[in-house]
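Working notes, beginning with the structure itself.
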Amino acid sequence: MWAEELSLSLLPSYSLAPGLSKDSDICLRLLAEFANHSASLSSCLVYNARPVRLCQHCYTEYVQLQTTMQSIEAPLQNGTVSCAASLLQSDRVQVIVILNDFFEQTWEESKCSQCLQNQSQSLLNTTSEFMEMFLSLGTCFNLSRKEPTVVSQQGNFSSICRNCSKNYRELNDLYSKLEKEKALCIDLEDAMNSTRILWSKTFNCTVPCTDTVPVIAVSAFILFLPIIFYLSSYLHSEQKKRKLIFPNRIKSNASAVNIQDKCN
């Protein structure tokens with residue numbers, strides 16, 4: 001402890017500041033807090049790396065670390081100095097700054113803020129709803145796999161595809177909705193990716209398209225377009241022929257009347 005106090009006392013910002021021992025104790029306490037919170041956050045991130053549940057299980061440790069970092073950067077009670085000079089800028093390596101940047105970058109790349117609310121103090125309701133539906137679908141998978149398997153019933157005819165189709169479709173719809181609202185973090189993305197792999201590759205299931213009727217109607221219309229075109233062209237040409245023939249009949253009738261007059 002005396003060596004740490006001596007190290008702090010050698011810094012210019014502390015050698016000229018009143019209440020040296022008191023300020024040193026505050027900075028040492030903040031340093032210990034940062035060490036404890038960074039260790040807790042590191043452990044949480046590693047334990048929740050697979051399956052990825054960083055944002056759901058580690059937001060408390062992240063907030064604690066950020067609060068400590070803000071205290072280090074903030075001025076002390078005397079308002080003249082802060083612990084940043086001694087803890088963040090006193091050496092070339094700047095270990096605390098590097099660690100804090102690493103945690104912030106990891107948190108940002110994981111997009112955890114999109115799954116949290118109240119300044120990362122709690123989960124969004126949509127996040128909790130998604131994970132409940134995800135767990136419910138997993139339960140459906142496990143229960144359906146215990147049912148006796150018939151060799152002829154594969155793909156969409158298997159028990160998993162039949163029993164869990166509704167759950168999977170609802171989960172997929174909610175994911176698409178959250179994607180549009182930009183309310184997805186790495187936890188939800190990883191959960192949905194693993195679910196889709198299980199559904200399509202492991203269980204060989206598919207979800208019937210709900211837009212089948214409109215697609216069939218449009219395809220049929222396009223298919224019959226050439227027939228409609230040729231039929232309308234034929235009818236149009238027949239109508240033109242009738243218009244051309246009609247004056248010839250009038251002319252022939254008029255000639256017959258003239259001949260008859262001459263004979264009389």
Side-chain angles (χ1 to χ4, degrees), residues 1-11 13-14 17 19-131 134 178 181-191:
M1 182 64 68
W2 65 269
E4 294 173 350
E5 292 181 356
L6 177 62
S7 174
L8 291 174
S9 65
L10 292 176
L11 294 174
S13 60
Y14 278 87
L20 171 63
S21 178
K22 182 179 180 181
D23 291 346
S24 300
D25 291 342
I26 294 174
C27 293
L28 290 174
R29 178 178 58 81
L30 292 175
L31 179 62
E33 286 184 7
F34 186 90
N36 293 332
H37 295 326
S38 61
S40 299
L41 181 56
S42 298
S43 177
C44 184
L45 293 177
V46 173
Y47 276 116
N48 292 281
R50 295 304 310 164
V52 183
R53 300 294 183 267
L54 310 180
C55 305
Q56 300 174 69
H57 296 161
C58 302
Y59 63 86
T60 300
E61 289 80 359
Y62 179 78
V63 171
Q64 290 174 345
L65 184 70
Q66 292 302 302
T67 302
T68 302
M69 191 65 182
Q70 292 172 4
S71 299
I72 292 175
E73 296 174 339
L76 297 176
Q77 293 180 354
N78 54 33
T80 57
V81 295
S82 68
C83 295
S86 61
L87 300 182
L88 306 181
Q89 306 167 5
S90 60
D91 59 84
R92 178 175 59 83
V93 179
Q94 299 181 348
V95 175
I96 297 177
V97 176
I98 292 175
L99 286 175
N100 186 70
D101 290 345
F102 165 75
F103 290 126
E104 287 186 347
Q105 181 181 0
T106 302
W107 204 255
E108 182 179 354
E109 291 180 353
S110 301
K111 297 185 290 187
C112 290
S113 59
Q114 297 185 175
C115 288
L116 302 172
Q117 61 182 350
N118 299 328
Q119 297 180 346
S120 300
Q121 296 286 343
S122 60
L123 294 174
L124 285 172
N125 294 334
T126 53
T127 303
S128 301
E129 180 185 0
F130 181 91
M131 294 309 302
F134 170 76
L178 296 179
E181 297 175 353
K182 295 184 178 180
L184 291 178
C185 57
I186 187 63
D187 296 23
L188 307 190
E189 292 174 352
D190 182 77

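The CZ atom of F130 sits 9.5 Å away from the CD atom of Q56 when rounded to the nearest 0.5 Å. In this structure, OG in S110 is found 7.5 Å from CG in D187, a value given to the nearest 0.5 Å. From T60, atom OG1 reaches atom CD of Q121 across 7.5 Å, with rounding to the nearest 0.5 Å. The CG atom of L30 lies 11.0 Å from the CG atom of D25; values are rounded to the nearest 0.5 Å. Interatomic distance, L65 CG to L99 CG, rounded to the nearest 0.5 Å: 8.5 Å. Of the inter-residue distances, the one linking L31 atom CG with I72 atom CD1 reads 7.0 Å to the nearest 0.5 angstrom.
Under the 2.5 Å SG-SG cutoff, C55 and C115 do not qualify as a close cysteine pair.
The two residues Q114 and L124 make their nearest non-hydrogen contact at O-CD1, 3.1 Å. Across all non-hydrogen atoms, the minimal contact from C185 to K111 is CB-O, 3.1 Å. Of all heavy-atom pairs between C27 and L87, the closest is O-CD1, 3.6 Å. Scanning all heavy atoms of the two residues, the minimum distance from V63 to S120 falls at CG2-O, 3.4 Å. Between L45 and L54, the shortest heavy-atom contact is O-CD2, 3.4 Å.
By the neighbour-count criterion of 12 heavy atoms within 6.0 Å, atom CD of Q119 is sparsely surrounded, having that number or fewer from other residues, nucleotides or ligands.
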Are E33 and Q64 close enough, and set up right, to give a side-chain contact (heavy atoms from CB on, under 4.5 Å), and what steps lead you there? CA-CA 9 Å; E33 286 184 7; Q64 290 174 345; over 6 Å; no
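Between the side chains of Q66 and Q70, no donor-acceptor pair is found at a separation under 3.5 Å.
Residues satisfying the salt bridge (Lys or Arg N to Asp or Glu O under 4.0 Å) test with D190, not counting sequence neighbours, are R50. Qualifying ring-ring contact (aromatic ring centres under 6.0 Å, His included) partners for Y62, counting only residues two or more places apart in sequence or in other chains: W107.
Panel note: side chain D91, backbone Q94; a donor-acceptor pair is recorded below 3.5 Å. A donor-acceptor pair under 3.5 Å is absent between the side-chain atoms of Q117 and the main chain of S122, judged by distance alone. Distance alone, capped at 3.5 Å, is enough to place a donor-acceptor pair between the T106 side chain and the F102 backbone. Between the N48 side chain and the C44 main chain, a donor and an acceptor come within less than 3.5 Å of each other. Put simply, the side chain of S43 never gets that close to the backbone of S40: no donor and acceptor are under 3.5 Å apart. Under a 3.5 Å cut-off, the side chain of S42 and the backbone N or O of S38 do form a donor-acceptor pair.
Two residues are said to be in side-chain contact when any heavy atoms from C-beta on lie closer than 4.5 Å; L88 and M69 meet this criterion.
Contacts classified as ring pair (Phe, Tyr, Trp, His ring centres under 6.0 Å) and involving residues 32-60 (residues at least two apart or in different chains) are not found.
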